Structure formats: C-alpha cells, structure tokens
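Note that this is a predicted model, so its numbers are computed, not measured.
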Amino acid sequence: MRELYTEVTIEASAERVFEALTDVERYSEWNPFIVYAKGKVAPGETLAIRIHPPGRAEQPYSIQVLRLVPGCEFVWLGHMIVPGILDGTHIFELFPEGANRVRLVHREEFRGLLVPLIWNSFLNTRFRRGFEALNQNLKNLCESPSEKTG
C-alpha cells in the first residue's frame with residue numbers, strides 16, 4: 001500500500017467544508033481535479049466521477065461511498081477497470097481547530113498491481129498536484145464571504 005497525503009487549513013467551520021465536499025454535483029463549479037460527480041452521497045451508494053489529473057485526459061470512475069460522518073469524514077473506494085489493478089480509498093478527514101477553522105486531511109490509500117509501477121511517475125506527481133489544487137480551490141470556496149453566508 002502507498003498513501004498520498006495532503007492537508008490544508010481552512011478558515012471556515014467543519015460543517016461548511018463538509019457541506020462543500022459532499023455537494024458533489026457542484027464539483028464542476030470549483031473542483032479542478034474531480035471535474036464531474038453525480039449520485040447520492042450515502043454509505044453503500046455508487047457515484048460516477050471524472051478526475052482530471054494535471055497534464056492528462058479526464059478519467060471516468062465508478063466509486064462506492066464507504067463512510068460518511070457529518071462534519072468529520074467522507075470516504076470512498078474506487079477501482080481502475082477491475083479490483084486489484086489500481087484500487088484507491090479516498091479519504092477526506094476534518095479536524096476542527098476552533099469554531100471557524102478546520103484542518104482538512106485529504107489522502108488516498110492505493111493498492112494493486114499498478115501502484116509500484118506508476119507511483120513516482122503518476123500518483124505521487126500528477127495526482128498529488130491534483131489533490132493540492134482541489135485543496136486550494138476548496139479553501140478559496142469555503143473562505144469566500146458569499147459562500148459563508150449562504
């Protein structure tokens with residue numbers, strides 16, 4: 001297993017950040033990495049997503065929501081083509097640091113046959129840049145005065 005780990009501090013409530021993360025149908029408005037998402041956000045449900053790693057074409061995935069803890073955690077599992085080739089458990093964890101400040105830990109645990117072959121050339125480079133762009137855009141969205149009020 002390999003883990004891609006990023007984090008960002010956001011000047012907004014955990015509830016506001018969680019709301020933005022779970023409003024998947026609005027991803028196309030602000031998310032440069034997960035450019036499309038559709039489906040019901042609930043444990044056991046399947047979402048259709050498209051990711052756009054920097055410098056690469058969009059890639060479609062069907063993911064299953066594993067855990068959803070309001071204000072705390074949003075976790076899903078995705079597979080490239082079939083399980084065992086490249087599997088990723090995508091995790092958003094929120095750690096409040098006061099009423100209007102939260103540390104978002106955004107990480108993914110990768111398993112499968114392709115992981116050692118593409119870790120340095122793709123996952124820990126292009127995916128990492130995609131995660132960091134998502135984090136920054138989420139921060140900008142949640143810290144926007146218009147978003148904080150409604």
State yes or no: do Ile91 and Trp119 share one hydrophobic cluster built from I, L, V, M, F, W and Y residues joined by side-chain heavy-atom distances below 4.5 Å, directly or via other members?
-> no
In short, Ala14 meets Leu94 closest at the heavy-atom pair O-CD1, 3.6 Å
So Phe74 and Trp76, would you call those rings parallel, tilted or perpendicular, with 30° and 60° as cut-offs?
-> perpendicular
The reported gap from CD in Glu58 to NE2 in His52 (rounded to nearest 0.5 angstrom) is 6.0 Å
Among the clusters formed by ILVMFWY side chains lying less than 4.5 Å apart, do Val105 and Ile34 turn up in the same one?
-> no
For residues Leu86 and Leu123, determine if any side-chain heavy atom of one lies less than 4.5 Å from a side-chain heavy atom of the other.
-> yes
For Tyr36, does its backbone N or O pair with a side-chain atom of Ser28 as donor and acceptor, under 3.5 Å?
-> no
Can you name the closest pair of heavy atoms from Pro53 and Ala57 and give their distance?
-> CD-O, 3.8 Å
Does the Asp87 side chain pair with the main chain of Gly84, one donor and one acceptor, at a distance under 3.5 Å?
-> yes
Tell me whether Trp30 is reachable from Ile51 by hopping between hydrophobic residues (I, L, V, M, F, W, Y) whose side-chain heavy atoms are closer than 4.5 Å.
-> yes
Hey, quick one: are Ile63 and Leu66 part of the same hydrophobic cluster, counting side-chain heavy atoms closer than 4.5 Å, chains of contacts allowed?
-> no
Could you grab the distance from atom CZ of Arg67 to atom SG of Cys72, nearest 0.5 Å is fine?
-> 12.0 Å
Decide, yes or no, whether a salt bridge links Glu29 with Arg26 under the criterion of side-chain N to carboxylate O below 4.0 Å.
-> yes
Interatomic distance, Leu114 atom CG to Ile85 atom CD1 [nearest 0.5 angstrom] = 6.5 Å
Nearest non-hydrogen partners of Val17 and Ala12, listed with the distance = CG2-CB, 4.3 Å
Report yes if the side chains of Phe92 and Phe18 come closer than 4.5 Å at any heavy-atom pair, otherwise no.
-> no
Evaluation steps, side-chain contact (heavy atoms from CB on, under 4.5 Å), between Asn120 and Thr125 | CA-CA 7 Å; Asn120 289 325; Thr125 54; 5.9 Å; no
Residue pair Ser13 / Asn100, side-chain donor-acceptor N/O under 3.5 Å | no
With no hydrogens and no angle check, is any side-chain donor or acceptor of Arg126 less than 3.5 Å from a backbone partner on Pro54?
-> yes
Non-hydrogen side-chain atoms of Glu73 and Leu68 separated by less than 4.5 Å = no
List the atom of Pro96, the atom of Val102, and the distance in Å for their closest heavy-atom pair.
-> N-CG2, 3.9 Å
Looking only at heavy atoms, what is the nearest atom pair of Val41 and Thr22, with distance?
-> CG2-O, 3.4 Å
Charged N to carboxylate O below 4.0 Å: is that the case for Glu7 and Arg107?
-> no
Rounded to the nearest 0.5 angstrom, the CD1-CD distance for Ile10 and Glu97 is 10.5 Å
Shortest non-hydrogen contact from Ala20 toward Leu138 = CB-CD1, 3.7 Å
Would you please indicate if the ring centroids of Phe33 and Phe127 are separated by under 6.0 Å?
-> yes
Could you walk me through whether Arg128 and Thr6 pass the side-chain contact (heavy atoms from CB on, under 4.5 Å) check?
-> CA-CA 8 Å; Arg128 177 174 298 282; Thr6 64; 3.8 Å; yes
Drop me the distance from Glu25's CD to Asp23's CG, to the nearest 0.5 angstrom.
-> 7.5 Å
Tyr61 and side chain to side chain contact (heavy atoms under 4.5 Å, CB included): which partner among Met80, His90, Arg50?
-> Met80
Between the main-chain N or O of Leu21 and the side-chain N or O of Tyr27, is there a donor-acceptor pair closer than 3.5 Å?
-> yes
Can you check whether Arg2's main-chain N or O pairs, donor with acceptor, with Arg111's side chain at less than 3.5 Å?
-> no
Look at the side-chain heavy atoms of Ile, Leu, Val, Met, Phe, Trp and Tyr, link any pair under 4.5 Å apart, and say whether Phe110 and Ile81 land in one connected group.
-> yes
Among Lys139, Arg103, Arg101, which one satisfies salt bridge (charged side-chain N to carboxylate O under 4.0 Å, His left out) with Glu11?
-> Arg101
Side chain to side chain, Asn135 and Leu104, heavy atoms closer than 4.5 Å = yes
State the CZ-OG distance between Arg16 and Ser144, to the nearest 0.5 angstrom.
-> 8.5 Å
